[in-house]
Engineer: 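Structure incoming, see below.
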Amino acid sequence: MPIYEYRCGSCGFEKEYLQKVNDAPVAACPSCGSDAYVKLISAAGFQLKGSGWYATDFKNGAKPKPKSDVEAPAAVKSETGPAATPAAGAACPACPGE
């Protein structure tokens, strides 16, 4: 069962409740009786223990190595330089009918 935090908007009273997901929210402040008692949104607090996948894969914070020594694709790498690309307005040899 999750733990929900509540705070009163009138008196500032805060309290945690262990409730089922289907339970109705607490409506009245137990301190002052005001209807300004609202459920807070907070991060879930849990910790994984043991020797599972999280310990071996993510615990050390290892990041993948950058692939800087990988060659560029052949379409980008050209021996003839920019002259190999068709000029603006020139017909494409692979496109019939232009």
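Quick caveat: nothing in here was measured; it's all calculated off a predicted structure.
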Engineer: Quick one: does any side-chain atom of Tyr6 pair with a main-chain N or O of Val26 as donor and acceptor, under 3.5 Å?
Structural biologist: yes

Engineer: To the nearest 0.5 Å, tell me how far Tyr4 OH sits from Leu40 CG.
Structural biologist: 13.0 Å

Engineer: What pair of heavy atoms forms the shortest contact from Ala24 to Gln19, and how long is it?
Structural biologist: O-NE2, 3.4 Å

Engineer: For Ala28 versus Gly33, what's the shortest heavy-atom pair and its separation?
Structural biologist: CB-O, 4.2 Å

Engineer: Around atom CG of Leu18, are there more than 12 heavy atoms of other residues, nucleotides or ligands at under 6.0 Å?
Structural biologist: yes

Engineer: Does some side-chain heavy atom of Ser10 sit less than 4.5 Å from a side-chain heavy atom of Cys29?
Structural biologist: no

Engineer: Are the side chains of Cys32 and Phe13 in contact, using a 4.5 Å heavy-atom criterion?
Structural biologist: no

Engineer: Give a yes or no on whether Ile41 and Val21 share a hydrophobic cluster (residues Ile, Leu, Val, Met, Phe, Trp, Tyr; joining criterion: side-chain heavy atoms under 4.5 Å apart).
Structural biologist: no

Engineer: Before you tell me yes or no, could you show the steps for Ser31 and Cys8 under side chain to side chain contact (heavy atoms under 4.5 Å, CB included), namely the whole-Å CA-CA distance, both residues' side-chain angles and the distance that decides it to 0.1 Å?
Structural biologist: CA-CA 9 Å; Ser31 178; Cys8 181; over 6 Å; no

Engineer: Could you tell me the separation between the OH atom of Tyr37 and the CZ atom of Arg7, rounded to the nearest 0.5 Å?
Structural biologist: 10.5 Å

